[in-house]
Amino acid sequence: TREEIVSGAVTPALCDALAEMRALARHHYDAAVKGVTQIEEGARAALMPLAVVPLYLKRMEKGSYEPFRTLIAAPLWRRLLALWMFARSL
């Protein structure tokens with residue numbers, strides 16, 4: 001319920017809802033990556049932010065993830081590596 005979320009209570013229902021949202025995000029990410037080839041080559045750079053999406057989703061899927069306490073951050077070197085690898089695949 002709204003009250004549980006506002007109070008910061010981590011319930012099984014909240015965890016399930018967040019898992020569904022991550023699955024939906026991953027689904028949309030996969031669809032976007034598959035569709036890159038249909039985009040004009042000069043415009044593909046606009047999709048570069050997609051490169052870091054898996055980093056954040058992976059961190060949220062860890063068993064130690066606590067929605068209201070865990071800071072989701074990827075090291076700068078890892079983000080840069082992901083961007084570089086993604087750019088090479090374009």
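Just so it is clear, the values below take in all heavy atoms, side chains as well, and ignore hydrogens, waters and symmetry mates. As the structure is a computational prediction, the values presented were derived from the model and not from experiment.
Taking CG from Leu47 and CG from Leu50, the interatomic distance works out to 5.5 Å, rounded to the nearest 0.5 Å. Atom CZ of Arg26 sits about 9.5 Å away from atom NZ of Lys58, to the nearest 0.5 Å. The distance from the CE atom of Met60 to the CG atom of Leu55 is 10.5 Å, given to the nearest 0.5 Å. Distance SG/Cys15 to CD/Glu66: 9.5 Å, rounded to 0.5 Å.
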Please tabulate, one pair per line, all N/O donor-acceptor pairs under 3.5 Å involving side-chain atoms of residues 28-40, not counting sequence neighbours.
none

For residues 72-90, please give each side-chain donor-acceptor pair under 3.5 Å, one per line with the distance, not counting sequence neighbours.
{"residue": "Arg79", "atom": "NE", "partner": "Ala74", "partner atom": "O", "Å": "3.0"}
{"residue": "Arg79", "atom": "NH2", "partner": "Ala74", "partner atom": "O", "Å": "3.4"}
{"residue": "Ser89", "atom": "OG", "partner": "Phe86", "partner atom": "O", "Å": "2.7"}

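Taking a 6.0 Å sphere around CE of Met48, one finds it holds more than 12 heavy atoms contributed by other residues, nucleotides or ligands.
Heavy-atom minimum distance, Pro49 versus Ala46: CD-O, 3.5 Å. Closest heavy-atom contact between Leu14 and Ala9: CD2-O, 3.6 Å. Contact record, Tyr65 with Arg22: CE2-NH1, 3.9 Å, taken as the closest heavy-atom pair.
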